[in-house]
Amino acid sequence: MTQIQVRTLTKELFAPFGDVIALKDTADKIINQGMCGRHHDLAKLDFGPEGCAGISLFSATPRSLPYTLDMVERHPEGSQAFIPMSEHAFLVIVAEDLGGQPGVPQAFLTAPGQGINFHRNTWHGVLTPLSAPRLFAVVDRIGDSANLEEFWFDTPYEIVSD
Ligand SMILES: NC(=O)N[C@@H](O)C(=O)O
Ligand code: NI
């Protein structure tokens, strides 16, 4: 199998695929009588003209590295955000689109407490925690359509730590 090394997630590397949901260096606004910093508007949400935003909880089985990646998927009608409910890093896999098929996947490791938001129609691996607890809030499109396109690789990739 072709090996893909995990890299540390950065806003810059992830920009073509989505947003990194993380604290800014300083809060945009101090609220609640000075007791809270608001880090404002961190992700570009998009649910299309027919859909609406939904919040779900995912309880996903932790995986481990090396991780066999046999498929990626995308949501043509909306963005999808993964927000961990615990301060544990998780694996994020994306791929550029090459004429309707994914290119070579790229793998990132979040920092503890970071979330991510895939932009609409971005090829990505499914939610992949690397440790328990494995509870995530997911913000994505609620609608009548499946809003899901899967691509299964002829030969899986092996995601390895750096
Ligand atoms: N299918 C589903 O709800 N989850 C996936 O989209 C995923 O990215 O994990
Ligand atoms: Ni998804």
Side-chain angles (χ1 to χ4, degrees), residues 1-2 4-11 13-22 42-161:
M1 283 188 279
T2 302
I4 293 172
Q5 273 206 334
V6 174
R7 290 181 289 169
T8 301
L9 181 68
T10 68
K11 288 182 186 291
L13 289 173
F14 198 65
F17 306 104
D19 313 288
V20 176
I21 300 171
L42 299 173
K44 180 182 160 216
L45 304 185
D46 173 1
F47 306 112
E50 305 296 323
C52 61
I55 296 179
S56 306
L57 288 179
F58 281 24
S59 173
T61 302
R63 280 53 156 214
S64 53
L65 296 177
Y67 171 66
T68 300
L69 177 72
D70 47 17
M71 67 86 75
V72 289
E73 59 165 48
R74 62 181 177 178
H75 309 295
E77 299 172 82
S79 56
Q80 184 175 54
F82 293 160
I83 301 168
M85 306 285 274
S86 65
E87 300 227 2
H88 289 84
F90 63 101
L91 185 61
V92 179
I93 295 167
V94 288
E96 62 179 344
D97 182 56
L98 299 178
Q101 294 196 351
V104 176
Q106 299 181 51
F108 299 100
L109 188 66
T110 66
Q114 280 183 340
I116 55 94
N117 176 57
F118 300 118
H119 290 161
R120 179 205 285 237
N121 221 26
T122 295
W123 290 111
H124 60 278
V126 298
L127 176 60
T128 313
L130 293 174
S131 52
R134 67 273 178 101
L135 189 59
F136 289 73
V138 176
V139 181
D140 61 4
R141 182 184 186 274
I142 304 298
D144 297 333
S145 69
N147 186 30
L148 176 62
E149 181 181 353
E150 294 182 343
F151 182 92
W152 292 82
F153 297 110
D154 294 335
T155 307
Y157 289 90
E158 187 177 51
I159 311 297
V160 297
S161 55

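Hydrogens, waters and symmetry mates play no part in the numbers below; they use all other heavy atoms, side chains included. All ligand and atom numbering here is 1-based and tracks the order in the structure.
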**Request:** For the Ni ion (ligand 2), find the closest N/O/S atom belonging to Glu73 and write down its atom name.
**Result:** OE2
**Message:** Among the N, O or S atoms of His124, which one sits nearest to the Ni ion (ligand 2)?
**Reply:** NE2
**Request:** Please list, chain by chain and in numerical order, all residues satisfying salt bridge (Lys or Arg N to Asp or Glu O under 4.0 Å) with Arg120, sequence neighbours excluded.
**Result:**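 Here the qualifying residues are Asp46.
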**Message:** Under the rule for salt bridge (Lys or Arg N to Asp or Glu O under 4.0 Å), what residues qualify as partners of Glu77, not counting sequence neighbours?
**Reply:**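 Salt bridge (Lys or Arg N to Asp or Glu O under 4.0 Å) list for Glu77, sorted by chain: Arg141.
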Check: residues 97-118 side-chain donor-acceptor pairs under 3.5 Å, at least two apart:
from: Asp97; atom 1: OD1; to: Arg74; atom 2: NH1; distance (Å): 3.1
from: Asp97; atom 1: OD1; to: Gly100; atom 2: N; distance (Å): 3.2
from: Asp97; atom 1: OD1; to: Gln101; atom 2: N; distance (Å): 3.3
from: Asp97; atom 1: OD1; to: Trp123; atom 2: NE1; distance (Å): 2.8
from: Asp97; atom 1: OD2; to: Gly100; atom 2: N; distance (Å): 3.2
from: Gln106; atom 1: OE1; to: Arg7; atom 2: NH2; distance (Å): 2.5
from: Thr110; atom 1: OG1; to: Phe90; atom 2: N; distance (Å): 2.9
from: Gln114; atom 1: OE1; to: Ala111; atom 2: N; distance (Å): 2.9
from: Asn117; atom 1: ND2; to: Asp19; atom 2: OD2; distance (Å): 2.9
from: Asn117; atom 1: ND2; to: Lys44; atom 2: O; distance (Å): 3.0

**Request:** Would you please write out the protein residues whose heavy atoms approach any atom of ligand 1 to under 4.0 angstrom, listed by chain and number?
**Result:**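 Correct list: Phe58, Glu73, His75, Gln80, Phe82, His124, Val126, Leu127.
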**Request:** For the residue pair Val72 and Phe153, establish whether any side-chain heavy-atom pair is separated by less than 4.5 Å.
**Result:** yes
**Message:** Go through it in stages, so that I can follow the logic: the residues are Ile93 and Tyr157, the test is side chain to side chain contact (heavy atoms under 4.5 Å, CB included), and I'd like the CA-CA distance, side-chain angles, deciding distance and then a yes or no.
**Reply:** CA-CA 11 Å; Ile93 295 167; Tyr157 289 90; over 6 Å; no
**Asked** Do any N or O atoms from the side chain of His88 and from the backbone of Ser86 form a donor-acceptor pair under 3.5 angstrom?
**Response** no
**Message:** I'd like to know if the Ni ion (ligand 2) has an N/O/S atom from Asp140 within less than 2.8 Å of it, counting both backbone and side-chain atoms.
**Reply:**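 Given the 2.8 Å cut-off, Asp140 does not count as a ligand of the Ni ion (ligand 2).
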**Prompt:** If you look at every heavy atom in Ala53 and Phe47, which pair is closest and at what distance?
**Reply:** CB-CE1, 3.3 Å
